[in-house]
*Asks:* 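Sharing a structure here in structure tokens format.
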Amino acid sequence: MPKKRSGGGLSPMQQAAKFLGVSVLAGAVMAGIALPAAGALGLAAKGSVKGFDEIPANLKSPQLSQRTTILDDRGDPIATVYSRDRTVVDLKDISPYMQKAIVAIEDSRFYKHGAVDLKGVLRALNKNAQEGGVAQGASTLTQQLVKNYFIEEAGDDPTKVAEATQQTLGRKIRELKYAIQIEDKLGKKKILENYLNITFFGQQAYGVEAASQRYFSKHAKDLNLQEAALLAGIVQSPSRYDPVNDEAEATKRRNIVLQRMAELGDISQKEADQAKEKPLGLHTSRPKNGCITAVKGAGFFCDYVRQVVLTDPVFGETKEERAKLWNRGGLTIRTTLDPQAQKSVQASIKDHVYKSDPVATAATIVEPGTGKILAMGQSRPYGVNVKNDETTINLSVNGNMGGGAGYQPGSTFKPIVAAAAIEGGKPPTQEYSSPYEMAYPSPVSACDGKVWRNDPYRPAKLKNENESERGPYGMSEATAKSVNTYYVQLISDIGICPVIDMAKKMGVARADGRKIDQAPSIALGTQEMSPLTMANAYATFASRGMYCTPVAIESVTKKVGSEQKSLEVPKSTCSRAMSENTADTVSTLLKGVVEDGTGQEAGLGSRPSAGKTGTTDERFAAWFVGYTPNMAGAVWVGDPQHKRKMTSITIGGVPHDKVYGGEVPGPIWRDMMSGALQDKPVEDFHLIDIPDDSHEDDDRGKGDRGRNDDSNGDTTGRLIGGLIGGPTDGGATGGATTGDTTGGTIGGTFPTPTFSVPENFIQGQGNGGNNGNGNGGRG
């Protein structure tokens, strides 16, 4: 076997063999002749490489990944996101210095040869033979462009990227054939333009425009001589010649490019020498990738838009198709975000809750009748720096859209029970005894012929917040005072299933994707929901019974070449959830909450509004959800980790002995809605005449419930297995135990019952947990 010479070069036989092989390959390709499927070059060894004539004739230029721009509803930018930081520009918008520099250092005979530079191949062969290795390549700019096409098409798949860059004869043959095709189809200027737009310049910058902005904070058309030479020099090895991390190595490489330009006559030697003496002149900028670039605190809304694109089938039948659309970018997404409403939400949050507080707040505003999400914000900013109180968990939305497992809405769920009762024929004057304390009524009908029963030996009980709250009460007064025993008697009267059906019609579902449990305690808001869900549910009351699915995107256009192509977007679907009379009756009830009940601190003055407070057991969460005829909003305050009870706590610099829904979330809601509605038409509700159901002549005492006291008291509920197969099953129950933990929030705890239950039973939870009866949902 021939051996290398002592000087390290190839033997004459090796040089001859290599020369012969490359010459045959180059000559065949240049002539466009099909190479044999087998032979000396081994093109079909083990079936791994196709013959030259078997390679597809048409290479399609990939759609280059570019920045996607997200706009608000007025067309102003919210954020710029990208998989690869690239902005495609025309050749006329690239500095002539840059064009000459890249040709000089990468392919100096670019304008003199075809797709393959045979002279360059022979020169490289000779050089490599002398060096005894690969000291010089021979790829033309056209061949490099084809290679970059393969890499771009591979996307972020490491396996495909490896295949696109593997040093095999088969890939080289494929590259050569496509290079011939491109030379014939595009011409030199277009090839140079495409190359400068696709190639990687390091520091996450793809294409010359992104590189110019990254290193010099200027457009590619404005690059001077030494700046262009620096960028051209980076291409060969972006990591080795990175000017940010190795200025000396980058300077040497820049000067090599400058000297090569002088040798080719692109510039004079004097110009080259003068440019060599100048510093690199870096003026770096590092655009932050993704929704962290969002303005107006809209990072979480931006992320919600991303989730819509990645999950909605309208953007692609498969998960892979949708991801490819997002990663390729080049989209202009116009959203439903109202900048006035968003600014107001963020300002109100900033005034009332600090990002460093032990608890957080999240707020969302939607438009009744359209489902448009107008604003979305939270006190902990969007980001990954936990030490700076940042998070990427969107506290306003469900888990499958980037949120957590939700939070118990407490008594903000009670209007849904009222709507189900009224829709089913109960009058708003319906009275119940509503004692201060009582056991859950039993049995209670559930869905599919099942029945919920309390444990006769250790019955689950509940209380109102104050001992002064003793019935009888009618619906108006019970709603204004958020009387728990009234609403449990109401759901026990009408049954659990009508409430679950009404919730479904109003788009109310658990944030973790589980089904709402069939237990009377759901009337107290024990099932974890998200602020967006609750805001959009209350929008159903505002729109007089019409529920519309939430939407965040108005339109999407995709850049294809120099044109913009419109894409289909998700549309809101509206359906009637209840009659106008039912919705108007609930609005009348909830208007009373703001005017005379627990939500007075959320009132909007002369502008009519309606809403409901909510505070969960142990004060892990507090809510205010309300609306006007033209906007609906929800505010949640609590610990996302579900560890900090809101007692003896300071929020936004204000100390609180106990936090109530009307006291902290209420003012946040008031301020954000006031700003969002400024200069908007003042509209009134269609109110229903409900006879006064208050008992002025009794001695029940009204306490201070009219201000903010909207909770049930810190009582502990029992875990109830509650469902049995039907009304004739003998009254079996699932057992009971005392609980003191609630689950369902981000990082929250889901306690496991210490008893077994039959398969057809639902496991309950103490403190009004996920499944059973307790006081987990307060007023």
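This chain uses plain numbering: 1 for the first residue, then up along the sequence.
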*Asks:* Under a 4.0 Å threshold between the charged nitrogen and the carboxylate oxygen, would E465 count as salt-bridged to R619?
*Replies:* yes
*Asks:* Closest approach of V308 and P570, non-hydrogen atoms and distance?
*Replies:* CG1-CG, 4.0 Å
*Asks:* If only side-chain N and O atoms count, and only distance matters, is there a donor-acceptor pair under 3.5 Å linking T479 with K414?
*Replies:* no
*Asks:* Could you report the tightest heavy-atom contact between P459 and A439, atom names first, then the distance?
*Replies:* CB-CB, 4.2 Å
*Asks:* Does Y407 reach the side chain of H642, with side-chain heavy atoms less than 4.5 Å apart?
*Replies:* no
*Asks:* Ignoring hydrogens and geometry, is there a side-chain-to-backbone donor-acceptor pair from T364 to A634 under 3.5 Å?
*Replies:* no
*Asks:* Out of F624, Y538, W636, W623, which residue meets the ring pair (Phe, Tyr, Trp, His ring centres under 6.0 Å) rule with W669?
*Replies:* F624
*Asks:* State, yes or no, whether a side-chain contact exists between P550 and V366 at a heavy-atom distance under 4.5 Å.
*Replies:* no
*Asks:* Does any non-hydrogen side-chain atom of V397 lie less than 4.5 Å from one of I373?
*Replies:* no
*Asks:* Donor-acceptor pair, distance only, cut-off 3.5 Å: does the side chain of T582 make one with the backbone of A419?
*Replies:* no
*Asks:* Would you mind telling me which of L395, V664, V353 makes a side chain to side chain contact (heavy atoms under 4.5 Å, CB included) with T361?
*Replies:* V353
*Asks:* Minimum heavy-atom separation for A537 to V508, with atom names?
*Replies:* CB-CG2, 3.5 Å
*Asks:* Do Q378 and N394 have side-chain heavy atoms sitting under 4.5 Å apart?
*Replies:* yes
*Asks:* Tell me, do M546 and T540 make a side-chain contact under 4.5 Å, heavy atoms counted?
*Replies:* no
*Asks:* For residues M673 and R607, determine if any side-chain heavy atom of one lies less than 4.5 Å from a side-chain heavy atom of the other.
*Replies:* no
*Asks:* Let me see the working for M376 and V345 under side chain to side chain contact (heavy atoms under 4.5 Å, CB included), right down to the final yes or no.
*Replies:* CA-CA 7 Å; M376 182 181 290; V345 165; over 6 Å; no
*Asks:* Check for a donor-acceptor pair, side chain of D455 on one end and backbone N or O of Y457 on the other, with a separation under 3.5 Å.
*Replies:* yes
*Asks:* About how many Å separate NZ of K591 and OH of Y627, when rounded to the nearest 0.5 Å?
*Replies:* 11.0 Å
*Asks:* Run the side-chain donor-acceptor check on residues 492-504: report pairs under 3.5 Å with partners two or more places apart or on a different chain.
*Replies:*
from : atom 1 : to   : atom 2 : distance (Å)
S492 : OG     : V488 : O      : 2.7
D493 : OD2    : K426 : NZ     : 2.7
D493 : OD2    : Y432 : OH     : 2.5

*Asks:* Does Y487 form a side chain to side chain contact (heavy atoms under 4.5 Å, CB included) with M475? I'd like the steps, not just the answer.
*Replies:* CA-CA 9 Å; Y487 270 92; M475 194 177 293; 4.1 Å; yes
*Asks:* Under the 3.5 angstrom rule, does the side chain of E618 hit a backbone N or O of K645 as a donor-acceptor pair?
*Replies:* no
*Asks:* Does the Lys NZ or Arg CZ of R544 fall within the cation-pi geometry relative to F685 - under 6.0 Å from the ring centre and within 45° of the axis?
*Replies:* no
*Asks:* Do L604 and S674 have side chains that get closer than 4.5 Å, going by heavy atoms?
*Replies:* yes
*Asks:* Heavy atoms only: give me the nearest G525-F413 pair and the separation to one decimal.
*Replies:* CA-CB, 3.8 Å
*Asks:* Could you measure the distance from the NZ atom of K372 to the CG atom of N536? Nearest 0.5 Å is fine.
*Replies:* 13.5 Å
*Asks:* How about S482 and S411: does a side-chain donor come under 3.5 Å of a side-chain acceptor?
*Replies:* yes
*Asks:* Is there a side-chain contact between K658 and E663, using heavy atoms and a 4.5 Å cut-off?
*Replies:* no
*Asks:* Going through the distances and angles, do K505 and S575 end up as a side chain to side chain contact (heavy atoms under 4.5 Å, CB included)?
*Replies:* CA-CA 8 Å; K505 291 177 182 178; S575 57; over 6 Å; no
*Asks:* Examine distances only and state if a side-chain atom of N464 and a backbone atom of E469 form a donor-acceptor pair shorter than 3.5 Å.
*Replies:* yes
*Asks:* To the nearest 0.5 Å, how far apart are OH in Y547 and CZ in R576?
*Replies:* 15.0 Å
*Asks:* Roughly how far apart are T485 OG1 and L490 CG, rounded to 0.5 Å?
*Replies:* 11.5 Å
*Asks:* Counting only N and O atoms by type, is there a donor-acceptor contact under 3.5 Å from the side chain of T549 to the main-chain atoms of T573?
*Replies:* yes
*Asks:* Run D639 and I649 through side chain to side chain contact (heavy atoms under 4.5 Å, CB included) and show every step you take.
*Replies:* CA-CA 12 Å; D639 178 9; I649 189 172; over 6 Å; no
*Asks:* Let me know which of R510, R514, K515 forms a side-chain hydrogen bond (donor to acceptor under 3.5 Å, both in side chains) with Q527.
*Replies:* R510
*Asks:* Does any N or O in the side chain of T588 come within less than 3.5 Å of the main-chain N or O of D584, such that one atom is a donor and the other an acceptor?
*Replies:* yes
*Asks:* Considering all heavy atoms of both residues, which atom of V654 and which atom of H656 are nearest to each other, and what is their separation?
*Replies:* O-CD2, 3.0 Å
*Asks:* Could you give the distance from CE (M506) to CD1 (I416), rounded to the nearest 0.5 Å?
*Replies:* 5.0 Å
*Asks:* Tell me the closest heavy-atom pair linking G404 and I393, and the distance in Å.
*Replies:* N-CG2, 4.0 Å
*Asks:* Just verifying a value: how many Å separate Q600 CD and R670 CZ, rounded to the nearest 0.5 Å?
*Replies:* 12.5 Å
